[in-house]
Each structure stands twice: as C-alpha cells, then as structure tokens.
**Q** 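Below is one structure. I have some questions about it.
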Amino acid sequence: MGGGTAGWMTAAALAAVAGRSVAEVHLVESEEIGIVGVGEATLPHIRAFNTRLGIGEAEFMRATGATFKLGIEFCDWARIGDSYIHPFGAFGHDVDGVGFHHYLSRAGQIATLPDYSLPVVAARHAKFAPPLEDPRSLLSTFGYAYQFDATRYAPFLRARAERQGVARTEGRVVDVEQSATGDVVAVMLDDGQRITGDLFIDCSGFRSLLLGQAMGEPFEDWSHWLPCDRAVAVPCADAGTLKPYTTATAMPAGWRWRIPLQHRVGNGYVYSSAHLDDGAAQDALLRSIESTPLADPRMLRFKAGRRARSWVGNVIAVGLAGGFLEPLESTSIYLIQLAITQLLELFPATPISPIDRDAFNRVVDLEYDRIRDFLILHYHATTRDDSPFWDHVRTMDVPDTLAEKMTLFRQRGRVMTYREGVFLEPSWIAVYLGQGVVPKGYDQRADRPSDAALVQALARLRTETRDAVMTMPDHAAYIAQSGAAAA
Ligand code: FAD
C-alpha cells in the first residue's frame, strides 16, 4: 500500500531477496496523491541495501543524480559561529582497548579530535574516494553514504521491481475491508477494484491508512522533545565546490539543511510552528540560499513520534506510515531499511506468529527510541539563548535514557555502547563534543604512555591523517572518473 520510497524499497527487496516462491507482491499507489519526495540525505547502510538488491553504485548514482556523503556539518548549534562534523567513521584508533578520545583528554587536546578523523579532514577539503579494505591503512577508517534526488529513487526501484514480477495498480484506496479479528482482508479502490492479500505492508506515508486509520494503532507523540513540525523546501543551483557532506545550520526556530546533488542543491528549513509562522520561514529560507531557486518552495507538515507498534495483526507499517523523526541525522530511509531487513528475516507464515510480530516491534521500537535520544541531544546540549525556541529546547526535560547517557559522558568520557544499531560510539562522541558536552575526566588506563610518547604519537597520527587525505581525489573528479556522473 503506497509507492513512495518506502513502498518501492519494500517491493523491490521482497522481489529480489525473497522471490515469488515466498511472496507475490502487488503494490497499489495513487499518482494523484503523490509522494513526499524529500529525503535526499542517507546513512551508509543504504549501500548494503543496494548491494543486496544487486544495484551497482555508478548506475544508482547516475539515475538519482547522487553525490557522496562523508557526514553532516553542524553550524551554529552549541553557539552561533560554531561548526563541527559528525563523520561516518572513527576518530584515531583505540589503544590497548581504550578509546582514542581518552588519550586526547589526557593530553589536554580534546578540541583537536576532528583532526584525527579521516572523513572530517577529507570533507573539509572536498575530497572523496571509497575506503580501502586494508585495515592497517588510515584510508580504511570510514564509511560513506549518498545524497540523492529523492523523487528519482522510487521510480528507479520500481523499474527493477516490475521486471522482477511485482504487480502495480494505479488507484486511490477508499475503503479497507477487515475480518472479525481486525485483520485486513482487502483494500477497495475508487474504481471499484477489490485487492485481497494475506499480508499488508502499509507504506501510505503520513496518512497511515492501514495501521493508523484501519487498525487504529495509537501514535506516540514526541513533539514535546522534538518540537519542529514543519519544513519548507526549495532547490537551487550549485554555486561552488561540490561538497561531500550535508550541512545542517541552526536557525532561530529550528535548522536549515543544504544537500549538494550533482544537478542542484536541496535546501530546507525545518522549524517549530509554535515559534515561527510559515511565511517567515519561507522568507528566511529564500534569503539563505546561495543562488536562484529552481522551483517554488514546498511546505511539509509532520509530527515527531511513532505508532505504538509497527506490526499489528497482518499489517506492517514501513516508512512514514509507522512514524517520523525529523531529518536532522538522515534517519528515515535507514528506518525503512531496518523494517525491511526485519521483515525479510521474520517473514511470516500463516497463521502469523505473535512471537515474530513482537520480535519485529521490539527491534523497530528500540531503534526509534535511540535515534530520538540522539536527535534531542543536538537541541538540548546548547548554550544558545537567542530565541524562545532555543530557550525551550535548552531547558526542557529530556528522556531519562538520554540524561543518563549525558551524565556518563560528562563524568569520564564514557559512551553507552550498543552491540548493534545505527549510531555507535564515534557518532555520540562527535555530537557530545560538537555540542560542548566535554568530559571532566578520562579513563585512567590512558595514563600508561609517558607524556612525551603520547604527544609524539598524536602529532604523527595527525600528520598521517592529513597526508592520507591529500592522496584522495576531489569529490567531483571522483564522481566523473567512477562513471557515476549523470548525463
Ligand atoms: P510517501 O512518500 O508519502 O508515499 C506514500 C505513498 O502512499 C504514495 O505513493 C501515495 O500515493 C500512497 N498513498 C497514500 N494514500 C493513498 C491512497 N488512499 N490510495 C492509494 N495510494 C495512497 N529521509 C531521509 O532518509 N533523509 C532525509 O534527508 C529526509 N529528509 C526529509 C525532510 C522532510 C521535510 C520530510 C518530511 C521527510 C524527510 N525524510 C528524509 C523522510 C523521507 O522523505 C521518507 O521517509 C520517505 O520519502 C518515505 O516516505 P513514504 O514512502 O513512507 O511516504
């Protein structure tokens, strides 16, 4: 149900990975309703998704006008004038099982941490080449994602999925037929067609037609922690060096994205409607962009939160139908991918086992909760007091789970670690330090090397990182030489 990025990613994955012996896939979408069509920045996990579907990188990049992404630059977040990059990669390397940042803390040089991240230094120099496989090389210490034209990814996947046997029906769903137990039996289209199925994947976007409307699954509203509920988006022509990263600049009532693609730059202002009206947001965005707009500004409304459960009865929500966390860390497409991976692993037999359903919901919930905390950190850990919006987020109560994490880091630089999940230790360190959460102490095991040895080792690593970056090609040159340039 639905043919946006979520619908076609799910259909393409089911067709390519599960195959017709497991499921016959029938996708219903309405061109008249259309898709959200923003969502240009991604996380490195998307590469595994494309690879699993047999999609070549250059082919994908040509089709979607994609560029490479080494991380996100955050400007003006902790205070106006600040800038830091949250990279896809490590800072330095652990020594004797002790995190690199502890050694820097001990040396009194914690503020220089970005100099030890290859993707940060490469991003600052607009360099890009894919990581090497040799784990001894500094050029293996990072990952990367893409920035792409979100209106082109779903059609690209659709072509593949239809070739692999996915049936597609154009039409507006006007009614949902349910059994006595509440399971969905069929969807009814405006032209009278009735489409039946065993399992319904709700990819209907914010409408949440099956899970929210038909099944009545409640929405957990997180807007008291994440008050941004609107965005205005406008593309413009690129006016400079092709940067291999997304920029998120804090604004008086939210923040503004800048996402460089091959053929244009995507811009948007994500804001809280309680603190700014739509006209003022649009004016502020248009004033901030670097060249003439290429289209009229588009307004989008949303609410932070998720459905209490993503899988209920025989309905599984994927994408915006299941929930939304604002695009600050480019997590939506990742959450779609997570749901698809779980769906493939737990693909139900008939009757559907509640154990599979619970397992799916546990994984999805946990990931939403962790991403929520990570996003709140960006707003809450700030000294900004220049607008009512920043006063609100700086002083609000945060979830206990986040408060505990922040205390742990402030005390001695410890990061609550997960075995799996999206944002691991380097991400938290980047954002803590970038937002001005500086540890008071460090792991005492970092006292082992002598002062002289430590200072010398740090200087060497810093130089090696810079030298390694200088061997990389320019981002734009690499896109051209790898055959990824769109015609
Ligand atoms: P939609 O795109 O809304 O698709 C819904 C589908 O359901 C459509 O095909 C529609 O026709 C169909 N449909 C709905 N109702 C009916 C009906 N009654 N009958 C028939 N068909 C129907 N994500 C990222 O990963 N990175 C980003 O940088 C990012 N930026 C974003 C910025 C903003 C401001 C917003 C709002 C979102 C952003 N996202 C981002 C999220 C991303 O856009 C979505 O996760 C992604 O597009 C998936 O949307 P979807 O497929 O769930 O829903």
Side-chain angles (χ1 to χ4, degrees), residues 1-12 27-46 49 69 72 145-155 157-158 168-176 187-191 193 195 201-214 228-234 246-248 254-259 261 266-271 281 285 297-304 306-307 310 317-340 371 422:
M1 167 77 247
T5 303
W8 282 112
M9 279 180 76
T10 310
L27 186 145
V28 184
E29 67 175 316
S30 158
E31 270 174 22
E32 184 197 325
I33 293 176
I35 66 170
V36 162
V38 280
E40 299 170 318
T42 61
L43 294 176
H45 309 72
I46 193 167
F49 181 82
K69 175 181 173 191
I72 304 178
Y146 309 105
Q147 302 161 132
F148 64 79
D149 187 334
T151 60
R152 297 188 188 173
Y153 191 42
L157 293 175
R158 173 181 164 185
R168 171 190 181 274
T169 296
E170 169 65 32
R172 180 189 277 262
V173 171
V174 288
D175 204 4
V176 179
V187 291
M188 253 67 78
L189 305 192
D190 50 356
D191 63 0
Q193 277 191 77
I195 298 177
I201 318 282
D202 186 353
C203 302
S204 64
F206 289 128
R207 286 177 179 79
S208 194
L209 213 85
L210 303 182
L211 184 71
Q213 292 186 31
C228 288
D229 57 354
R230 302 240 171 125
V232 51
V234 74
T246 293
T247 302
W255 62 279
R256 172 166 63 80
W257 77 74
R258 180 190 184 277
I259 304 180
L261 310 182
N267 306 281
Y269 187 175
V270 175
Y271 58 98
L285 178 66
R298 265 191 72 198
M299 303 293 304
L300 297 125
R301 290 164 183 243
F302 49 83
K303 195 182 273 183
R306 61 161 158 75
R307 298 280 156 192
S310 288
V318 178
L320 302 174
F324 183 56
L325 289 168
E326 57 157 279
L328 186 57
E329 285 281 359
S330 321
T331 42
S332 271
I333 293 174
Y334 164 76
L335 284 167
I336 293 172
Q337 194 182 333
L338 174 82
I340 295 171
I371 293 173
V422 60

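Order of appearance sets the numbers: ligands from 1, and atoms from 1 within every ligand. Scope of the values below: all heavy atoms of this structure, side chains included, with no hydrogens, waters or symmetry mates.
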**Q** So, taking the atom named CG in Asp229 and the one named CZ in Arg301, what distance separates them when rounded to the nearest 0.5 Å?
**A** 8.5 Å
**Q** Which of these passes side chain to side chain contact (heavy atoms under 4.5 Å, CB included) with Thr42: Phe49, Tyr153, Phe148?
**A**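 The residue from Phe49, Tyr153, Phe148 that satisfies side chain to side chain contact (heavy atoms under 4.5 Å, CB included) with Thr42 turns out to be Phe148.
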**Q** Quick check: Val173 and ligand 1, any N/O pair under 3.5 Å apart?
**A**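 For ligand 1, there is an N or O atom that lies under 3.5 Å from one belonging to Val173.
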**Q** Which protein non-hydrogen atom lies closest to atom 53 (O) of ligand 1, naming both residue and atom, and how far is it?
**A**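 Ranking protein heavy atoms by distance from atom 53 (O) of ligand 1, first comes Gly205 CA, 3.4 Å.
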**Q** For a 4.5 angstrom cut-off between non-hydrogen side-chain atoms, does Val36 reach Leu300?
**A** yes
**Q** Can you sort out which atoms of ligand 1 are near Ala231, meaning under 4.0 Å from one of its heavy atoms?
**A** 34 (C)
**Q** When you compare the side chain of Ser208 with that of Gln213, does any pair of heavy atoms fall below 4.5 Å?
**A** no
**Q** Carefully, step by step, assess Val422 and His45 under the rule side-chain contact (heavy atoms from CB on, under 4.5 Å).
**A** CA-CA 9 Å; Val422 60; His45 309 72; 3.7 Å; yes
**Q** Could you grab the distance from atom CE of Met1 to atom CG of Leu210, nearest 0.5 Å is fine?
**A**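 Interatomic distance, Met1 CE to Leu210 CG, rounded to 0.5 Å: 6.0 Å.
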**Q** Check Thr42 against ligand 1 and report side chain, backbone, both or neither, counting heavy atoms closer than 4.0 Å.
**A**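 The answer is neither; Thr42 stays 4.0 Å or more away.
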**Q** Are Tyr334 and Glu329 packed together at the side-chain level, in the sense that at least one heavy-atom pair is separated by less than 4.5 angstrom?
**A**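 The answer is no, as the side chains (C-beta and beyond) never meet within the 4.5 Å cut-off.
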**Q** To check you understand the geometry: which heavy-atom pair defines the closest contact between Cys203 and Thr10, and what is its length?
**A**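 Scanning both residues completely, I find the closest heavy atoms to be SG-OG1, 4.1 Å.
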**Q** Could you find the nearest protein heavy atom to atom 22 (C) of ligand 1 and give me its residue, atom name and distance?
**A**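 Atom 22 (C) of ligand 1 sits closest to the protein heavy atom Met1 CE, 3.6 Å.
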**Q** Provide, to 0.1 Å, the distance between atom 43 (O) of ligand 1 and the closest protein heavy atom, together with that atom's residue and name.
**A** Val38 O, 2.5 Å
**Q** Side chain, backbone, both or neither: which part of Phe324 has a heavy atom under 4.0 Å from ligand 1?
**A**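 Looking at Phe324 and ligand 1, just side chain atoms fall under 4.0 Å.
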**Q** I'd like to know whether ligand 1 has Cys203 as a neighbour, heavy-atom separation below 4.0 Å.
**A** yes
**Q** So Lys69 and Tyr146, do their side chains get closer than 4.5 Å, heavy atoms only?
**A** no
**Q** Taking heavy atoms and a distance under 4.0 Å, where does Glu40 meet ligand 1: side chain, backbone, both or neither?
**A**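 Just the backbone.
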**Q** Which residue owns the protein heavy atom closest to atom 24 (C) of ligand 1, what's the atom, and how far is it?
**A**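 Minimum-distance protein heavy atom for atom 24 (C) of ligand 1 reads Ala41 O, 3.5 Å.
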**Q** Counting heavy atoms only, which of Ala154, Ser30, Ala317, Ser204 is nearest atom 21 (N) of ligand 1?
**A** Ser30
**Q** Heavy atom to atom 49 (O) of ligand 1, shortest distance: which of Thr331, Val36, Leu320 holds it?
**A** Leu320
**Q** Using side-chain contact (heavy atoms from CB on, under 4.5 Å), reason through Val173 and Met188 one step at a time and then give a plain yes or no.
**A** CA-CA 6 Å; Val173 171; Met188 253 67 78; 6.0 Å; no
**Q** Does Glu31 come within less than 4.0 Å of Arg168, counting only side-chain N to carboxylate O?
**A** yes
**Q** Answer yes if the side chains of Glu170 and Ser30 hold a donor-acceptor pair under 3.5 Å, and no otherwise.
**A**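 There is no such pair (donor and acceptor under 3.5 Å, judged by atom type) between the side chains of Glu170 and Ser30.
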**Q** Which residue holds the protein heavy atom closest to atom 25 (O) of ligand 1, what is that atom called, and what is the gap in Å?
**A** Ile333 N, 2.8 Å
**Q** Which of the atoms in ligand 1, numbered in the order shown and given with their element, are less than 4.0 Å from a heavy-atom of Ile35?
**A** 2 (O), 8 (C), 9 (O)
**Q** To which protein heavy atom is atom 15 (N) of ligand 1 closest, and what is the distance rounded to 0.1 Å?
**A** Arg207 CD, 3.4 Å
**Q** Hey, which atoms in ligand 1 end up nearer than 4.0 Å to a heavy atom of Gly319?
**A**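 Checking each atom against Gly319, I get 52 (O).
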**Q** Should Gly2 be counted as touching ligand 1, given the test is an N or O pair under 3.5 Å?
**A**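 Not met; the criterion fails.
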**Q** Work out whether the distance between some heavy atom of Leu335 and some atom of ligand 1 is less than 4.0 Å.
**A** no
**Q** Can you tell me which portion of Ser332 lies within the under-4.0 Å heavy-atom range of ligand 1? Options are side chain, backbone, both, or neither.
**A** both
**Q** Flag Phe302 as yes when one of its N or O atoms lies below 3.5 Å from any N or O atom of ligand 1, and as no otherwise.
**A**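 N/O-N/O distance under 3.5 Å: no.
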